[in-house]
Engineer: 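Just passing along the structure, written as structure tokens.
Position 1 is the first residue of the sequence; numbering continues from there. Order of appearance sets the numbers: ligands from 1, and atoms from 1 within every ligand.
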Amino acid sequence: MTELLLNFVAGRWQAGSGAGTPLFDPVLGTELVRVDATGLDLPAAFAFAREQGGAALRALTYRQRASLLAAVVKVLQANRDAYDEIATANSGTVKNDSAVDIDGGIFTLSTYAKLGDSLGDRRFLFDGEAARLGKDPLFQSQHVRVPTRGLALFINAFNFPGWGLWEKAAPALLSGVPVIIKPATATAWLTQRMVRDVVDAGVLPAGALSVICGSSAGLLDQLQAFDVLSFTGSAETAALIRSHPAVAQRSVRVNIEADSLNSALLLPGEDSDSPAFELLVKEVAREMTVKSGQKCTAIRRVLVPEALYAPAAAAISARLAKATVGNPRNEAVRMGALVNRAQLNTVREGLAHLQAQTELLHDGTTHALVDADPAVACCVGPTLLGVRNAAGSDSADRVHDVEVFGPVATLLPYRDLPHALALVRRGQGSLVASLYGSDPAALAAAALELADSHGRVHIISPDVAALQTGHGNVMPQSLHGGPGRAGGGEELGGLRALDFYHRRAAVQASTVVLAALPQD
Ligand code: NAP
């Protein structure tokens, strides 16, 4: 029997009472560890976090909580090698892809440690200036933001077990709100190990951080009015969460990050020799292959002027052909595995679904696996699909509707810019769109056209070719989330992330009373 990972709740490491669900190596097929949350006393676990963890965190100032984040950073850095090994074994990712998750999480924590320090030694935030409520200026309204006196429950997706925890926990803990994390079962090991290291190091107050590995059963039932819930995962699970009584009846604040059909758009006026064309080709090939396309922000739709369809198809395919796929332990391999067999099957089914309306431009099945048994390893080569003409981009409705969560994208030719923008908007709200071109005014105008339907518009012009942070990389300074089918959530964006964990209230009083509110 493999090791059964413990849950950390109510200040103690606790085993579930069931046999456990096994986690596997997606390349070798071996069982790694098991997780189980059966029989945990959830009411006690939630009460401990809410009462003990919440009170301890709220007693600190923003600056003091920022120093807790900095201490967590040190713990994670000290144990980084172990995380790499777990990611290789459980997520099947090559070192660079594991780093996106592990170092991305550490970087996000450090960013919030710095941002939090800038808030100083205070325990609440002013929100704007006081406003007079009548002719006499004595009676005014001052808005304040105070940490919510509940806990934050995170239900996370399998693709970012490291970053997914810390990008949410950093702003929550900085706000003074305790965290219970329920990682996706398939990759729960890395999350559990990171929490274990932080708990063992004793850097956070009791109750500030808990981890529950295994089934989500019963978790939402525990949520109370001042708790918040942050969910990342599929649209189907998101729909269940939205209709749960905690959200529908008890007004638990909820943030949802769901699936998204992100686009890359080459603006009109560029030819196939232009730097902008080359930048698009490079970014698309990179985004399709990083983490085997298992990124919610990955490029799924690539839009080019109709005349550039054939050159773009050839150039992207040529880059994809160089991708070596297989065992991440082999130095020659650039792209590892999908997370498990279920995802491999889902990706294959999704591909077949899209192929019914598209042509195959680069076939992922032509990639022989390096150092991996195709009968066991959940590896798949990158596949580029396309529709031949602009009319096809309109009629191929599936490519605007179905997210294949793997190394798959579709090339879509467009007639003119209005057509291109309309096609991008067929995604019904996305996390990110990237624009490629060399005319600053045209790029800026297109960004504003897409801003209402995207959480982020990433512009790659030749002057920032070497500086740009990547279409799919989520930077803590910028907003992450998107309207519509992307879930309607907002995360990160620097200190904006603290809004979710604070309650805004208007204090209406004499200016003499308002002046008595602590100023620093
Ligand atoms: P999923 O099946 O919806 O699972 C997500 C999480 O929800 C897991 O922790 C899962 O636990 C849990 N869960 C399952 N059923 C639940 C229920 N009835 N009540 C409460 N929680 C429940 O999603 P997935 O297939 O793992 O994730 C892939 C999807 O996530 C993709 O569509 C991707 O686009 C999206 N995603 C979005 C973002 C973003 O930031 N927008 C980031 C990453 C991924 P178990 O694992 O134990 O079932």
Side-chain angles (χ1 to χ4, degrees), residues 5 7 16 20-23 34-38 90-91 100-101 104 108 153-165 167-168 180-189 191-192 211-223 229-247 252 254-262 291-300 338-340 342-347 350 401-406 408 427 429-432 454-456 472-474 478-492:
L5 298 183
N7 306 287
T21 306
L23 274 54
R34 287 169 301 127
V35 294
D36 186 56
T38 319
N90 193 193
S91 293
V100 176
D101 187 34
T108 303
L153 173 65
F154 301 155
I155 298 183
N156 274 9
F158 66 78
N159 56 339
F160 281 107
W163 175 82
L165 162 60
E167 62 107 10
K168 293 174 200 274
I180 297 181
I181 167 79
K182 193 276 205 251
T185 296
T187 56
W189 192 12
T191 312
Q192 195 267 2
V211 62
I212 296 177
C213 302
S215 164
S216 58
L219 295 182
L220 269 66
D221 298 336
Q222 301 305 323
L223 293 175
L229 168 63
S230 185
F231 169 79
T232 300
S234 64
E236 294 77 48
T237 314
L240 290 176
I241 284 180
R242 284 188 213 281
S243 58
H244 189 278
V247 178
V252 166
V254 64
N255 190 78
I256 290 184
E257 303 285 344
D259 56 6
S260 173
L261 286 146
N262 314 296
K291 283 181 73 71
S292 300
Q294 298 172 109
K295 272 193 330 181
C296 51
T297 50
I299 296 169
R300 307 292 178 199
L338 295 176
V339 73
N340 56 25
Q343 278 301 311
L344 180 66
N345 292 337
T346 309
V347 165
D401 226 32
V402 177
E403 179 203 48
V404 178
F405 208 58
V408 179
S430 304
L431 296 171
V432 52
H454 292 78
R456 184 160 60 85
N473 279 353
V474 175
S478 295
L479 198 67
H480 173 59
R485 69 172 293 154
E490 280 195 358
E491 290 179 339
L492 301 172

Engineer: Just by distance, no angles: are the side chains of H454 and N262 close enough, under 3.5 Å, to form a donor-acceptor pair?
Structural biologist: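 Distance-only check fails for H454 and N262.
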Engineer: Identify, by atom number and element, the atoms of ligand 1 in contact range of T232, meaning under 4.0 Å from any of its heavy atoms.
Structural biologist: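 That gives atoms 5 (C), 36 (N), 37 (C), 38 (C), 39 (C), 40 (O), 42 (C), 43 (C), 44 (C) of ligand 1.
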Engineer: What is the nearest protein non-hydrogen atom to atom 20 (C) of ligand 1, stated with its residue, atom name and distance?
Structural biologist: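 Result for atom 20 (C) of ligand 1: S216 OG, 3.4 Å.
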Engineer: Would you compute the distance between atom CD1 of I181 and atom CD of Q192 and round it to the nearest 0.5 angstrom?
Structural biologist: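 One gets 12.0 Å once the value is rounded to the nearest 0.5 Å.
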Engineer: Using only atom types and a distance under 3.5 Å, with no angle test, would you say the side chain of N340 pairs donor to acceptor with the backbone of A186?
Structural biologist: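 Not a single qualifying donor-acceptor pair exists.
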Engineer: Checking a contact table here: which protein heavy atom is nearest atom 35 (C) of ligand 1, and how many Å away?
Structural biologist: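 Protein heavy atom with the smallest distance to atom 35 (C) of ligand 1: G233 O, 3.4 Å.
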Engineer: Work out which heavy atom in S243 is nearest to a heavy atom in L240; give both atom names and the distance.
Structural biologist: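 Nearest pair, atom of S243 first, then L240: OG-O, 3.0 Å.
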Engineer: Which of the atoms of ligand 1 are close to A184, meaning less than 4.0 Å from one of its heavy atoms?
Structural biologist: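 Here the atoms of ligand 1 in question are 8 (C), 9 (O), 46 (O).
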Engineer: Do A186 and ligand 1 have an N or O pair less than 3.5 Å apart?
Structural biologist: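 Looking only at distances, the answer is no, because the N/O contact criterion of under 3.5 Å is not met.
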Engineer: So which heavy atom on L431 is nearest to which on T297, and how close?
Structural biologist: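 Scanning both residues, the minimum pair turns out to be CD1-CG2, 4.0 Å.
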Engineer: On a heavy-atom basis, which atom in I241 and which in F231 lie closest, and how many Å separate them?
Structural biologist: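 Nearest pair, atom of I241 first, then F231: CD1-CD1, 3.3 Å.
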Engineer: Does ligand 1 have any atom that is closer than 4.0 Å to a heavy atom of F160?
Structural biologist: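 F160 does not count as a contact of ligand 1 under the 4.0 Å cut-off.
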Engineer: Can you pull out the closest protein heavy atom to atom 25 (O) of ligand 1? Residue, atom name and distance to 0.1 Å, please.
Structural biologist: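 In this structure, atom 25 (O) of ligand 1 has F158 CE2, 3.9 Å as its nearest protein heavy atom.
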Engineer: So among T346, N159, V339, which one has a side chain to side chain contact (heavy atoms under 4.5 Å, CB included) with F405?
Structural biologist: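 Answer after filtering T346, N159, V339: N159.
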Engineer: Which atoms of ligand 1 have any heavy atom of E257 under 4.0 Å away?
Structural biologist: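 Near E257, the atoms of ligand 1 are 37 (C), 39 (C), 40 (O), 41 (N).
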Engineer: Check if A235 has a non-hydrogen atom at a distance under 4.0 Å from any atom of ligand 1.
Structural biologist: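 No, A235 has no heavy atom closer than 4.0 Å to ligand 1.
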Engineer: To check your reading of the model: name the closest protein heavy atom to atom 6 (C) of ligand 1, its residue, and the distance in Å.
Structural biologist: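 Among all protein heavy atoms, the one nearest atom 6 (C) of ligand 1 is N156 O, 3.3 Å.
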Engineer: What heavy-atom pair brings A157 and A184 nearest, and what distance separates the two atoms?
Structural biologist: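 Shortest heavy-atom contact: C-CB, 3.5 Å.
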Engineer: Against heavy atoms of L240, which atoms of ligand 1 measure under 4.0 Å?
Structural biologist: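 Numbered from 1, ligand 1 contributes 18 (N).
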Engineer: Checking a contact table here: which protein heavy atom is nearest atom 46 (O) of ligand 1, and how many Å away?
Structural biologist: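 Of the protein heavy atoms, T185 N, 2.8 Å lies nearest.
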Engineer: Does any N/O atom on E403 come nearer than 3.5 Å to any N/O atom on ligand 1?
Structural biologist: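 Yes, there is a polar N/O contact under 3.5 Å.
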Engineer: Between CZ of R456 and CG of L479, what distance do you get to the nearest 0.5 Å?
Structural biologist: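 It is 9.5 Å, given to the nearest 0.5 Å.
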Engineer: Verify, without hydrogens or angle tests, whether T191 (side chain) and P183 (backbone) share a donor-acceptor contact under 3.5 angstrom.
Structural biologist: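 Side chain of T191 to backbone of P183, a donor-acceptor pair under 3.5 Å: no, none is there.
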Engineer: Using a 4.0 Å cut-off to any heavy atom of G214, which atoms of ligand 1 qualify?
Structural biologist: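 Going through ligand 1 atom by atom, the ones under 4.0 Å from G214 are 47 (O).
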Engineer: Check if H480 has a non-hydrogen atom at a distance under 4.0 Å from any atom of ligand 1.
Structural biologist: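 Contact present.
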Engineer: If you draw the axis of the six-membered ring of F160, does the NZ or CZ of K291 fall within 45° of it and under 6.0 Å from the ring centre?
Structural biologist: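 Yes; both conditions hold, so K291 lies above the ring face of F160.
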Engineer: In the protein, which heavy atom is nearest to atom 36 (N) of ligand 1, and how far is it?
Structural biologist: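 The closest heavy atom on the protein side is C296 CB, 3.7 Å.
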Engineer: Grab the two heavy atoms, one from G406 and one from R300, that are nearest each other, plus how far apart they are.
Structural biologist: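 For G406 versus R300, the nearest heavy atoms are O-NH1, 2.9 Å.
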Engineer: Quick one: nearest non-hydrogen protein atom to atom 12 (C) of ligand 1, plus distance?
Structural biologist: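 The protein heavy atom lying closest is I155 CG2, 3.6 Å.
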Engineer: Of all the atoms in ligand 1, which lie at a distance below 4.0 Å from a heavy atom belonging to N159?
Structural biologist: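 Checking each atom against N159, I get 43 (C), 44 (C).
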Engineer: Knowing that exactly one of K182, E167, K168 qualifies, which makes a side chain to side chain contact (heavy atoms under 4.5 Å, CB included) with N156?
Structural biologist: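 So the option named by the test is K168.
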Engineer: Can you list the atoms of ligand 1 that are under 4.0 Å from a heavy atom of L431?
Structural biologist: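 Contacts of ligand 1 toward L431, numbered from 1: 41 (N).
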Engineer: Note the single closest protein heavy atom to atom 23 (O) of ligand 1, along with its residue, its atom name and the distance in Å.
Structural biologist: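 Here the closest protein heavy atom is S234 N, 3.2 Å.
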Engineer: Taking both backbone and side-chain atoms of T237, is any N or O found less than 3.5 Å from an N or O belonging to ligand 1?
Structural biologist: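 Yes, T237 has an N/O under 3.5 Å of an N/O on ligand 1.
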Engineer: Can you check whether a protein heavy atom sits less than 4.0 angstrom from atom 48 (O) of ligand 1?
Structural biologist: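 No.
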